[in-house]
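In what follows, chains are A, B, ... by sequence order, proteins preceding strands, each numbered from 1.
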2 protein chains.
Amino acid sequence: MAMKVKELEIEKTGMVLKLLGDKTRLSMVKLLENNECCVCEFVEIFHISQSAISQHLRKLRDVGLVKENRRGQWIFYSLNTSSEMYELVLNVLAFVPDQNSHLKELEKQGLRINCSI
Amino acid sequence: MAMKVKELEIEKTGMVLKLLGDKTRLSMVKLLENNECCVCEFVEIFHISQSAISQHLRKLRDVGLVKENRRGQWIFYSLNTSSEMYELVLNVLAFVPDQNSHLKELEKQGLRINCSI
DNA sequence: TGGACATATAAGCATATGCTGATATGCTGT
DNA sequence: ACAGCATATCAGCATATGCTTATATGTCCA
């Protein structure tokens with residue numbers, strides 16, 4: 001039952017939990033667990049302003065949980081698997097139900113970005 | 001690497017993470033992982049008012065993460081191991097360094113409560 | 001029963017947080 | 001170079017959060 005994981009400073013752990021404690025960000029990160037997504041997709045999914053999404057992503061990036069990858073006009077976000085906090089993030093995400101239906105919905109509406117660059 | 005755990009609603013997960021996202025509460029819960037503690041002990045450890053500690057504990061109790069146990073004058077708090085969120089809590093706490101030194105310090109000062117009731 | 005101690009609750013305050021709208025920046029293709 | 005789209009940043013605002021002090025409640029014991 002007890003897991004053997006690499007411990008983190010309590011401040012860092014707290015910071016990660018605070019970030020993931022927002023429902024919008026938690027959903028975003030869960031989506032990023034299996035997908036690369038760009039800002040405009042999140043805007044469609046969560047129905048909040050592009051600005052709000054951008055600010056959420058900046059917070060996640062500032063502590064290194066996600067990384068960005070520009071391809072042409074778009075910036076694709078993904079989980080930063082080389083973060084020392086990645087293991088914690090994965091362990092938390094294991095409890096969160098799959099959110100991919102949101103992306104399926106986008107595809108149905110033809111709004112999923114598939115950048116060929 | 002992937003863990004098999006019992007999923008929780010995303011709202012519940014978010015709530016737990018938000019609660020544990022406060023450094024004081026995270027330390028408190030880490031202490032409660034292995035110990036029963038009462039309010040006055042936390043006051044000594046964290047150097048914030050009794051009221052503040054009490055309010056933190058109430059938030060934790062309101063969502064069922066901790067339970068209380070009155071013995072005489074004191075109310076001892078402990079982790080609620082039968083909460084459906086207990087597994088999530090344990091998985092998170094695995095990343096947090098042991099905080100028992102705080103209790104050791106209390107014992108040294110003779111401030112550790114040892115209720116015989 | 002009253003005083004001492006432990007805890008809870010109420011009220012108020014300063015700061016943090018998440019959002020919006022407006023604007024700036026960056027890339028693309030004509 | 002410029003229009004159009006994607007993203008980032010700025011400023012402002014409403015609400016949430018964590019703390020303090022003051023007060024209420026609960027328990028023990030002389």
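When rounded to the nearest whole Å, the span between CD of B/E44 and P of C/dT7 equals 11 Å. The separation between B/M28 atom CE and D/dC19 atom C1' is 14 Å, rounded to whole Å. B/H47 has its NE2 atom 14 Å from the P atom of D/dC19, to the nearest Å. We find that CD of A/E36 is positioned 13 Å from P of D/dT7, with the value rounded to whole Å. Atom-to-atom, CZ of A/F76 to P of C/dC27 comes out at 15 Å; the value is rounded to the nearest Å. Between B/F46 atom CZ and D/dT20 atom C1' there is a gap of 18 Å when expressed in whole angstrom units. What separates CZ of A/F42 from C1' of D/dA8 is a distance of 16 Å, to the nearest Å. Here the C1' atom of nucleotide D/dT27 and the CG atom of B/N69 are 15 Å apart, to the nearest Å.
Contacts of A/E36 classified as side-chain hydrogen bond (donor to acceptor under 3.5 Å, both in side chains), with partners at least two apart in sequence or in another chain: A/R71.
A pairwise comparison of heavy atoms in B/T13 and A/F95 identifies OG1-O, 4.1 Å as the closest pair.
Using a 4.0 Å heavy-atom criterion, one finds that B/Y77 contacts the sugar-phosphate atoms exclusively.
The salt bridge (charged side-chain N to carboxylate O under 4.0 Å, His left out) analysis of residues 13-29 of chain B, with sequence neighbours excluded, yields the pairs A/E11-B/K23.
In terms of polar N and O atoms assigned as donor or acceptor, the side chain of B/S51 comes within less than 3.5 Å of the base of C/dA10 in a complementary pairing. You'll find a donor-acceptor pair under 3.5 Å spanning the side chain of A/Q73 and the base of D/dC5, going by distance alone. Evaluation of atom-type donor-acceptor distances gives no pair under 3.5 Å for the side chain of A/Q50 against the base of D/dA6.
Checking D/dT21, D/dT17, D/dA6 against the side-chain heavy atoms of A/W74 singles out D/dA6 as nearest.
Across the interface with DNA chain C, nearest-nucleotide mapping of A/K18 and A/S49 shows A/K18 to be the residue nearer the 5′ end. Both B/R70 and B/I48 lie near DNA chain D, and the one whose nearest nucleotide falls closer to the 5' end is B/I48.
A heavy atom closer than 4.0 Å to some atom of DNA chain C occurs in A/A52, A/Q55, A/H56, A/K59, these being the qualifying members of residues 52-68 of chain A.
A salt bridge links A/R61 and A/E68; the closest N-O separation between the charged side-chain nitrogens and carboxylate oxygens is under 4.0 Å. Contact check on A/E107 versus A/K104 returns no salt bridge, with no Lys/Arg side-chain nitrogen under 4.0 Å from an Asp/Glu carboxylate oxygen. A salt bridge links B/K30 and B/E33; the closest N-O separation between the charged side-chain nitrogens and carboxylate oxygens is under 4.0 Å.
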Original post:
Given the rule in the salt bridge (Lys or Arg N to Asp or Glu O under 4.0 Å) test, do B/E41 and B/R112 qualify, once you have shown the distances and angles that lead to the verdict?
Top reply: CA-CA 7 Å; B/E41 292 173 320; B/R112 186 85 166 97; 2.6 Å; yes

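Taking side-chain N and O atoms only, B/R71 has no distance below 4.0 Å to OP1 or OP2 of D/dT27.
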